Asker: 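Supplied in structure tokens, the structure appears directly below.
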Amino acid sequence: MTLKWLTVVVATVSLTLCATGNAVTLALNGGQLPLLVNLLALVTAGTSIILAVLAELHDRLNDRLTALTEFLVERLREIEAHTGDRNTGFVEGYLLSHGQEAAVVPFGRRGRGAAER
């Protein structure tokens, strides 16, 4: 059971027990449950309702992030399909036009800085 529905059940049970307890106490004694019991039931129900709302907002945010991620992945695949690998053709053309002497040469070692002297 998800957090949202679990908190809804807790809030419902809490309010039902509070109302039933007050009704039974009123019928038997002509009074009501102690204030602490009523406050505890109301705080439990209120906290549960707040958690249910936060859980729903979290689910909605998660759904939106999932949809956004899927959209971005699909868009990147579409861009890749249309673009191809144009740089490969450029490099191959450059190497063919310059012959075998167009080898890749690494940079030489850099000079020593003032701190190493």
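Quick caveat, the model's predicted, so the values are computed rather than measured. Hydrogens, waters and symmetry mates are skipped; everything else that's a heavy atom, side chains included, is used.
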Asker: Please go through Val53's hydrophobic cluster and name the other residues, only I, L, V, M, F, W, Y counting, with side-chain heavy atoms under 4.5 Å joining them.
Answerer: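 Once heavy-atom contacts under 4.5 Å are chained together, Val53 belongs with Leu57.
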Asker: Can you name the closest pair of heavy atoms from Ala11 and Ala45 and give their distance?
Answerer: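 Looking at all heavy atoms of both residues, the closest pair is CB-O, 3.8 Å.
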Asker: For Val37 versus Leu33, what's the shortest heavy-atom pair and its separation?
Answerer: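 It is CG1-CD1, 3.9 Å.
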Asker: For the pair Asn62 (side chain) and His58 (backbone), establish whether a donor and an acceptor sit closer than 3.5 Å, ignoring hydrogens and angles.
Answerer: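 Judged by distance alone, no pair lies under 3.5 Å.
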Asker: Give, for atom CG of Asn22 and atom CG of Asn38, the distance between the pair rounded to the nearest 0.5 Å.
Answerer: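 Taking CG in Asn22 and CG in Asn38, the distance rounds to 4.5 Å.
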Asker: Can Ile50 be reached from Leu42 by stepping across I, L, V, M, F, W or Y side chains whose heavy atoms are under 4.5 Å apart?
Answerer: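 No.
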Asker: Does Arg75 have any side-chain contact (heavy atoms from CB on, under 4.5 Å) partners at least two apart in sequence or in another chain, and if so, which?
Answerer: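 Per chain and number, Arg75 pairs via side-chain contact (heavy atoms from CB on, under 4.5 Å) with Glu78, Ile79.
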Asker: For Asp59, enumerate each residue passing the side-chain contact (heavy atoms from CB on, under 4.5 Å) test, keeping only those at least two apart in sequence or located in another chain.
Answerer: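 side-chain contact (heavy atoms from CB on, under 4.5 Å) check on Asp59 returns nothing, list empty.
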Asker: Are the side chain of Thr7 and the backbone of Lys4 linked by a donor-acceptor contact shorter than 3.5 Å?
Answerer: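 Checking the backbone N and O of Lys4 against the side chain of Thr7, a donor-acceptor pair under 3.5 Å is found.
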Asker: Is there a donor-acceptor contact under 3.5 Å from the side chain of Ser48 to the main chain of Thr44?
Answerer: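 Indeed, once roles are kept as given, a pair shorter than 3.5 Å links the two residues.
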Asker: So Leu40 and Leu36, do their side chains get closer than 4.5 Å, heavy atoms only?
Answerer: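 Not touching, per the 4.5 Å side-chain cut-off.
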